[in-house]
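Reminder, nothing fancy here: chain letters follow the sequence lines and each chain counts from 1. These numbers come from a predicted model, not from an experiment.
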Amino acid sequence: MRYILKPLTRQIASLVHEAIQNAQQTGELPPVEIPDIEVKPPRKAEQGDYGASVALAMAKSVGKPPLEVANIIAKHMNKPDFISAIEVAPPGFINVRFSEDWIRSLVTILITSGETFGKLDIGTGKRAQVEFLSANPTGPITIGRSRGAILGDAIARVLEETGYDVEREYYFNNAGAQMRNLGESLRIRYLQALGQQVDIPDIEKFYQGEYLIDYAKELIAEKGDALKDADWQPFKEYAEKRMFEWIKETCQRIGIHHDVFFNENTLYDTGAVWKVLEKLQERGYIYAAVTREGETDAEIIAKSADLKPAQWFRSTQFGDDEDRVLVKSNGEPTYTLPDIAYHVNKIERGFDLLVNILGADHFTQAQVVRMGVQALGYDPKPIRVVHVQMVSVVRDGKPFKGSTRRGIFDTLDELIDLTSADAIRYFLLHRSPDSHLKFDINVAVSQSNDNPVYYIQYAHVRCSGILREAGARGVTIDGADLSLLGTDELNFLRKCLEFLDVMQTASENLTPHTIAFYALELANAFHPMYDRVRAFADGIDPNLQKARLAFYTATKAMFKRVLTVLGMTTPERM
RNA sequence: GGGCAUGUAGCUCAGUGGAUUAGAGCGUUUGGCUACGGACCAAAAAGUCGGGAGUUCGAAUCUCUCCAUGCUCACCA
């Protein structure tokens, strides 16, 4: 059995909307435009479960006092089963109270189908693609990278839960100068491992990571000195293979996977890159020049005098500050051209929603790509780019900067070793992507109260403990009378109902951090209640005990649900 | 200088125009353990929501301006 409950704020908003329409039909309200209806929990619990302020917003256009408008709307509102009362409060709020029996019935829903609680149908029948991580295989995943990785995976999960058919994609380039440097670096390590004295030619381009020394040894074990006269290419291939193995292994450790690995090269193999340029040319958005059109600065022109013409994209026609180069004067495309081709490819694959997780430093790039897509006549609307701000890693109160090339490891792998996948997932998720994230290694490592992860998981553990005890005592929840549940339990169940709205908001706004926050709030509602609502207190009435055990069965399902959506584990004991 | 963000309690941060009193966690102070696991609970102190002006019935939220911080403004990827 699968229940699909709809988010309650939206249900109430549509009830209010219908009521206004009804009142307009009877002439009690003039046919003014109906504003967006915001439904929120009131500040004080006595004021009801949810309230709408629309009467205040409409009062002016309607020409009546807000209180009167609220009364008219309330009079026309339908009252479905889950609502026990609709009240009007000054200065013009419409407050809704839930039926307590209906709230109690949530216990049954959570017990029988907790694993689908909060599943919504807003994306049903739609295909979404989430592209994230997309790191070139030049090194292991760093902590900086992992923020986007976790966010991308979390967004993918939320979209799945809200009905979308989701594909996770990893876009990479294994052909650039960086990869060549990586191969060359491994070649040098290989020769060194064979006992040759090889100087490092260009320290800036050399990858100093110690893992390359290990790979060099592996290569010797595998092939001996057969590669001693080879150029960088076989080394690059070997390094790439090992890097991808490493990246995928790290992903797996933290619960991330990708369905599709898309190599930028295929855009060249199929000619897509040049087709894009051609089409842009046909549409008149390309010009060949040494400098930007309109750039008359003598110094710039003088500097560019020895350059051959490049191919420029008239992105200024789409609001850009300046035109961008798509093909360099040496005939090679810039990164932008294949990137536009890639987005065209994605759009042509027929997705309804294309989410792309990028660092904030790629903002301009993403804008230009969007303009390119537009210039080609595609609707860029399905493309939604989420930019994550930087992660600054702090250890012992000091900034901890890493560089893949130097081989200083602030790797995600190492951090998983030090803490846990759960802690990392939570820490990287519980901040808005817009905010700079300070990742304190000491806090992440600590297994103390600083760490909200434990607080949340401990709620699940406590429920498990109660149910274990019930099992040991042979008490079942069959025939539990839910009407015995009291205010504490009802308030907790009210909090559970908010999950529906949280999921909808997270899905629509692509903001899974609100779920992480919600999980903490839920735990925060749980623990104080747990102290008061005891199942095995001395002399407890057996019927009340049954009801409370049913309640804790539901509560456990709720915590399991929210932790699962966040990609975290649900320990039985800690 | 332009663009995109950020600035809210001692710290880390939520807060998609609403309710005389702006929230959470941590930290601090005080109190509570025969315990379904105390990795807990109860209570308290703590804020001119960066400054200023404006918009309206009402602003942390919208507009303008100033200040501070981060990222970015390549024929790099």
Side-chain angles (χ1 to χ4, degrees), chain A residues 35-36 38 40 42-44 47 51-54 56-57 59-60 65-66 89-93 95 136 138 173 176-179 264 290-292 304 307-312 320-322 324-336 338-339 359-367 387 389-390 392 427 430-440 443 447-455 457-458 461-470 472-473 475 505 508-509 511 513-514 516-518 520-521 523-524 527-532 534-537 540 545 548-549 552 573-574:
Chain A
D36 287 341
E38 193 186 8
K40 274 188 167 181
R43 184 154 300 174
K44 294 179 181 171
Q47 290 162 330
S53 61
V54 66
L56 290 153
K60 197 169 189 183
F93 289 94
N95 293 328
N136 289 339
T138 54
N173 169 344
Q178 305 273 4
M179 290 304 296
E264 184 188 325
V290 171
T291 62
R292 283 187 183 88
S304 321
L307 281 180
K308 289 178 186 161
Q311 304 289 323
W312 296 78
D320 203 355
D321 297 333
E322 50 190 27
R324 311 281 170 173
V325 170
L326 293 188
V327 182
K328 299 183 239 174
S329 52
N330 66 6
E332 284 175 19
T334 60
Y335 177 78
T336 309
D339 214 8
D361 52 338
H362 284 65
F363 182 85
T364 310
Q365 177 65 22
Q367 296 286 90
H387 293 280
Q389 292 291 331
M390 300 296 150
S392 57
F427 266 81
H430 82 314
R431 297 283 179 253
S432 148
D434 283 339
S435 77
H436 299 255
L437 180 65
K438 203 174 284 181
F439 193 103
D440 190 326
V443 174
Q447 304 221 344
S448 71
N449 297 3
D450 298 346
N451 211 331
V453 175
Y454 294 96
Y455 191 72
Q457 288 181 326
Y458 188 49
V461 167
R462 283 183 136 175
C463 293
S464 303
I466 294 172
L467 300 179
R468 264 200 310 275
E469 181 67 19
R473 296 183 187 211
V475 186
T505 312
E508 286 173 347
N509 300 341
T511 50
H513 75 276
T514 55
F517 255 83
Y518 172 79
L520 186 60
E521 285 177 14
N524 209 30
H527 289 294
M529 175 204 69
Y530 167 92
D531 255 25
R532 294 189 292 267
R534 309 188 71 84
F536 298 107
I540 189 170
Q545 183 178 62
R548 287 183 171 173
L549 285 174
Y552 280 117
R573 301 166 195 266
M574 281 166 75

Sugar-phosphate, base or nothing in reach of A/Thr334, heavy atoms under 4.0 Å: sugar-phosphate
Whole-Å gap separating P (B/C75) and CD (A/Glu332): 14 Å
Test side chain to side chain contact (heavy atoms under 4.5 Å, CB included) applied to A/Glu38 - qualifying residues, sequence neighbours left out: A/Lys40
Among B/A35, B/A14, B/G18, the one nearest A/Ser53 by side-chain distance: B/G18
Test item: A/Arg431 side-chain N/O and A/His436 main-chain N/O as donor-acceptor pair under 3.5 Å: no
Value in whole Å for how far the P atom of B/G3 lies from CZ of A/Arg324: 14 Å
Closest to side chain of A/Arg292, choosing from B/C75, B/G37, B/A24: B/C75
Separation between OG1 of A/Thr334 and CD of A/Gln365, rounded to the nearest 0.5 Å: 7.5 Å
A/Phe93 side chain reached by A/Pro66 side chain, heavy atoms, under 4.5 Å: no
Rounded interatomic separation in angstrom, taking CG from A/Leu520 and P from B/C40: 12 Å
A/Asn136 versus A/Asn173, closest heavy-atom pair with distance: OD1-N, 2.9 Å
Toward the 5' end of RNA chain B, by each residue's nearest nucleotide, A/Phe517 or A/His527: A/Phe517
B/G23 phosphate, OP1 or OP2, under 4.0 Å from A/Lys40 side-chain N/O: no
Distance in angstrom units between A/Glu38 CD and B/A59 C1', rounded: 13 Å
Residue met sooner reading RNA chain B from 5', once A/Tyr455 and A/Pro333 are mapped to nucleotides: A/Tyr455
A/His436 NE2 - B/C71 C1' separation (whole Å): 7 Å
C1' spacing across the pair B/C75 / B/C66, given as an integer number of angstrom: 38 Å
Short side-chain N/O contact to B/G38 OP1/OP2 from A/Arg462, under 4.0 Å: yes
Distance, nearest 0.5 Å, that separates CG of A/Leu467 from CD of A/Glu469: 10.5 Å
N or O in side chain of A/Asn524 less than 4.0 angstrom from B/G25 OP1/OP2: yes
Distance below 4.0 Å between A/Arg534 side-chain N/O and B/C36 OP1 or OP2: yes
Side-chain donor/acceptor contact of A/Ser329 with base of B/C75 under 3.5 Å: yes
Same-atom distance (C1') from B/G15 to B/C57, integer angstrom: 23 Å
Euclidean distance, atom CD of residue A/Glu521 to atom P of B/G23 [Å, nearest integer]: 13 Å
Nearest-neighbour nucleotide for the A/Phe93 side chain, B/A14, B/G37, B/A19 considered: B/A19
Check: A/Phe536 and A/Leu549 side chains under 4.5 Å, non-hydrogen atoms: yes
Options B/A5, B/C40, B/C36, nucleotide nearest the side-chain atoms of A/Tyr458: B/C40
A/Tyr530 side chain, from C-beta outward: closest of B/G38, B/A42, B/G3: B/G38
Sugar-phosphate, base or nothing in reach of A/Thr514, heavy atoms under 4.0 Å: nothing
Selected nucleotide, minimal atom distance to A/Arg431 side chain, candidates B/A5, B/A14, B/A19: B/A14
Sugar-phosphate only, base, or nothing, as touched by A/Ala472 at under 4.0 Å among non-hydrogen atoms: nothing
Sugar-phosphate, base or nothing in reach of A/Arg573, heavy atoms under 4.0 Å: base
Touch class at under 4.0 angstrom, heavy-atom based, for A/His513 against every strand present: sugar-phosphate
Aromatic ring of A/Phe363 stacked on base six-ring of B/C73, 5.5 Å, 30°: no
Rounded distance in Å between the C1' positions of B/A9 and B/A22: 11 Å
A/Leu467 CG - B/G37 C1' separation (whole Å): 14 Å
A/Arg324 side chain reached by A/Thr336 side chain, heavy atoms, under 4.5 Å: no
Rounded C1' spacing from B/G52 to B/U12 in Å: 29 Å
P atoms of B/A19 and B/A43, separation to the nearest Å: 23 Å
Stems formed with participation of RNA chain B [Watson-Crick or G-U wobble, under 3.5 Å, three or more pairs]: B:1-7 with B:67-73, B:10-13 with B:23-26, B:28-32 with B:40-44, B:50-54 with B:62-66
Aromatic ring pairing A/Phe363/A/His387, orientation class (parallel under 30°, perpendicular over 60°, tilted between): tilted
Nearest-Å distance once atom C1' is located in both B/C4 and B/U48: 29 Å
Sugar-phosphate only, base, or nothing, as touched by A/Gly465 at under 4.0 Å among non-hydrogen atoms: sugar-phosphate
Closest nucleotide among B/G15, B/A77, B/C75 to the A/Gln365 side chain: B/A77
Distance in angstrom units between A/Tyr454 OH and B/A39 P, rounded: 13 Å
Proximal nucleotide (of B/A19, B/G18, B/A14) relative to the A/Ala89 side chain: B/A19
Sugar-phosphate only, base, or nothing, as touched by A/Asp339 at under 4.0 Å among non-hydrogen atoms: nothing
Atom C1', compared across B/G27 and B/A46: separation rounded to whole Å: 11 Å
Proximal nucleotide (of B/C75, B/C40, B/G17) relative to the A/Asp531 side chain: B/C40
Distance-only donor-acceptor test, A/Asn95 side-chain atoms vs B/A19 base atoms, 3.5 Å: yes
Selection from B/A74, B/G70, B/C36 that lies nearest to any side-chain heavy atom of A/Ile466: B/C36
Whole-Å P distance, B/G31 and B/G51: 37 Å
Parallel, tilted or perpendicular: ring planes of A/His527 versus A/Tyr458, cut at 30 and 60 degrees: parallel
A/Ser435 backbone acceptor or donor facing A/Gln389 side chain under 3.5 Å: no
